[in-house]
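Lettering follows sequence order; numbering is per chain, from 1.
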Number of protein chains: 4
Amino acid sequence: MEAALELFGSFGYHATSISKIAKKAGISKGLMYNYFESKEDLLHAIVIENIEEHEAWWNDIIKADTSPFEKLKWIIEKAVEMVRKDTHHWQLLTSLAFQPEIMKGLEDVLGQKQVEVMGQLVAIFTELGWEDPMKEAFFYGAFMDGMFLHYLQMIDAYPLDDMKNYLLKRYDL
Amino acid sequence: MEAALELFGSFGYHATSISKIAKKAGISKGLMYNYFESKEDLLHAIVIENIEEHEAWWNDIIKADTSPFEKLKWIIEKAVEMVRKDTHHWQLLTSLAFQPEIMKGLEDVLGQKQVEVMGQLVAIFTELGWEDPMKEAFFYGAFMDGMFLHYLQMIDAYPLDDMKNYLLKRYDL
Amino acid sequence: MEAALELFGSFGYHATSISKIAKKAGISKGLMYNYFESKEDLLHAIVIENIEEHEAWWNDIIKADTSPFEKLKWIIEKAVEMVRKDTHHWQLLTSLAFQPEIMKGLEDVLGQKQVEVMGQLVAIFTELGWEDPMKEAFFYGAFMDGMFLHYLQMIDAYPLDDMKNYLLKRYDL
Amino acid sequence: MEAALELFGSFGYHATSISKIAKKAGISKGLMYNYFESKEDLLHAIVIENIEEHEAWWNDIIKADTSPFEKLKWIIEKAVEMVRKDTHHWQLLTSLAFQPEIMKGLEDVLGQKQVEVMGQLVAIFTELGWEDPMKEAFFYGAFMDGMFLHYLQMIDAYPLDDMKNYLLKRYDL
DNA sequence: GATGAATGAGGATTCATTCAT
DNA sequence: TATGAATGAATCCTCATTCAT
């Protein structure tokens, strides 16, 4: 899964062959099929694992007994930390964004997760006193993903911390 | 090129075969090779054509004899109009963002263009009196691309005009 | 189709690879897929072609304006002639007899054909005055197929004409 | 062997994998190789076991101290009983009839057995006073195998007892 | 005796590309 | 300019078989 994620992220799902994954993982081609039913199944496993990982810290924050200010700050810091760590995963998800056929079977999970997160963001912005919390949530999401998109393409050339600080300042954090 | 763009955008470069493109375009597979050296060449032609198209209106605006306020407003309006029209093109570019091998040979053109645009944006924000115009250009870029990314995934469900208005308000336009 | 029939008949459907078929046919592996959607599709095409060929002469006889004696004699002579000529086809059908998954999609056609033929045989035996024409049709079918089965396994060592004559004598032909 | 016979009979030798056999037998894939050298060896063991089983009752009958009438009746009754019981075995043998490579190494045993049985049948028909006992043996064999072939394909829809009675009547049994 | 992880050859299928017409 | 038959490399996947435990 590690090898596959790296290759999927760097070259895309379709451009990565099972052969290359196996070689990188140091196993035989056939062995992959002892653990995953298909290439698609491997992809799904990777995506799900990562979703769960993110869900974990997200829920920790949401359920934490702190102010919405604290929560939002925490979320932003953590998200930036994560994108720095899970580079390949974000690249993979982005390049897959417009290929629903490949994600078939995950759409439901992903969609539901998205709705959930959005709701929790709206709740936070409501608590923070924003006039139109829904719109602010959309703004937050757009900026966050755009920032990540650019970071993933430029990496060290991107002023990620500056951008993060912009957000923190916006919310007086 | 039209047929290819639509398919590349909807299903991705690798998942789209020359056969399907030819069928959609109503020509034979062989004929494509009279006009394009390869599948990759076709992709490059599509990308370049679109870049030039965008360069055209962008330059028109930049060179126009108006205030930076007017220019920025114009750029934002036009960009939003374009993403609405050229859906497939943006989808294609996004899904290709992390597949450098396919874009080999275009990287230079794209990179140079990006630098140019960035410089012109910085100039505008400087004229507008922003304290850190570079940072603002990055912010603008991140929000714009993030907004487009979400719009392309949700289309009608996305409050694109609200987001656009957010930007306009930010710059007092 | 010719090459495939010969190999399918001699070695069985599963033991015959597309590679071997292509080599025998003197074409590339890929070309087969210009004409048939899959290996299974190729098999079906072969089976259907043969069914239609047999249906042709069978219907000619059934509709002919002759006595039931003449018809039955004709059928027996023709069937024996056919098994001698279409050796591989009969081998193929026999080896596939117990693998319904492979024949999926043909079962209906084959089943219906079988019912039809059976009905026409019963009609003939009725006209010939047999007490239990249904039972006689079953007898006829069993003997015919058993005879063919043995012929296909022993070929020249099998007294096919003797067996045919046995049948002709049974019906006073 | 039991599990393998069932699967081989139902789906064919090639379409049945060692994995499926092991799962059905409730053992590991590896364990099979402690008892059989290969998949082919397993098949051979199954076929040989069954041949020996049939040889047993066949020899009992042949050596029995009764009239040829009694013997033939006994043989017919027993054979019909066997096909009803050993459905999978007959299906397997039939589907393998035209795949000599798989049966390599068994051809001799099977061929010899066939010659032996044929000789004993001829002896019986000679004793029964048939003019051409050889031809009658071929007739008997063809009808018997054809009848079984049809029975195995139609099972309950086939009038097996009627067909058996036909034979019994033919020999005044 | 028993397991199942691991292998790798081989199979069906796809597809960019070529080329005779 | 246009076709589409033909190719063959590459892809995903299966499976008999081995072997350390």
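Distance CG (Leu42(C)) to P (dG11(E)): 16 Å, rounded to an integer number of Å. With rounding to whole Å, Lys20(C) atom NZ is found 15 Å from dT13(E) atom P. As rounded to whole Å, 15 Å separates atom C1' of dC15(F) from atom CD of Glu40(D). Distance CG (Leu7(A)) to C1' (dC12(F)): 16 Å, rounded to an integer number of Å. One atom, NZ of Lys23(B), and another, P of dC15(E), lie 11 Å apart when rounded to the nearest Å. Atom CD1 of Ile18(A) is separated from atom P of dT11(F) by 11 Å (rounded to the nearest Å). Going from atom CG of Asp41(C) over to atom C1' of dT13(E) covers 13 Å, rounded to whole Å. Distance, Phe36(A) CZ to dT14(F) P: 15 Å, rounded to whole Å.
Within a 6.0 Å sphere centred on OH of Tyr13(D), other residues, nucleotides and ligands contribute more than 12 heavy atoms. More than 12 heavy atoms of other shown residues, nucleotides or ligands fall within 6.0 angstrom of atom CD in Glu107(B). Glu101(D) CD: more than 12 foreign heavy atoms inside a 6.0 Å radius. Within 6.0 Å of CD on Glu55(B) lie more than 12 heavy atoms contributed by other residues, nucleotides or ligands.
The shortest distance between side-chain heavy atoms of Lys29(D) and Lys23(D) does not fall below 4.5 Å. In this structure, His88(D) and Leu7(D) have side chains that are not in contact, with every pair of non-hydrogen atoms separated by 4.5 Å or more.
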Criterion salt bridge (charged side-chain N to carboxylate O under 4.0 Å, His left out) on Lys85(B) and Glu53(B), from CA distance to verdict = CA-CA 13 Å; Lys85(B) 213 190 64 180; Glu53(B) 194 185 327; 3.7 Å; yes

Please lay out, stage by stage, how Leu5(B) and Met1(B) fare under the test side-chain contact (heavy atoms from CB on, under 4.5 Å).
-> CA-CA 6 Å; Leu5(B) 173 55; Met1(B) 286 172 68; over 6 Å; no

Walk me through it: do Ile21(C) and Leu42(C) pass the test side-chain contact (heavy atoms from CB on, under 4.5 Å)?
-> CA-CA 11 Å; Ile21(C) 296 171; Leu42(C) 168 61; 4.0 Å; yes

Under 4.0 Å protein heavy-atom contacts per nucleotide of nucleotides 3-8 of chain E, with B for base, S for backbone only and - for none = BBSBBB

Per-residue pairing states of DNA chain F in dot-bracket (Watson-Crick or G-U under 3.5 Å; . unpaired, | other strand) read .||||||||||||||||||||

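Residue Tyr33(C) has a polar side-chain atom (N or O) positioned under 4.0 Å from OP1 or OP2 of dT13(E).
A heavy atom lying under 4.0 Å from DNA chain F marks none of the residues of residues 93-106 of chain B.
A centroid separation of less than 6.0 Å is found between the aromatic rings of Trp90(D) and His54(D).
Nearest-nucleotide assignment on DNA chain F puts the 5′-proximal partner with Ser17(A), out of His14(D) and Ser17(A).
How far CD1 of Ile102(A) is from NZ of Lys39(A): 8.0 Å, rounded to the nearest 0.5 Å.
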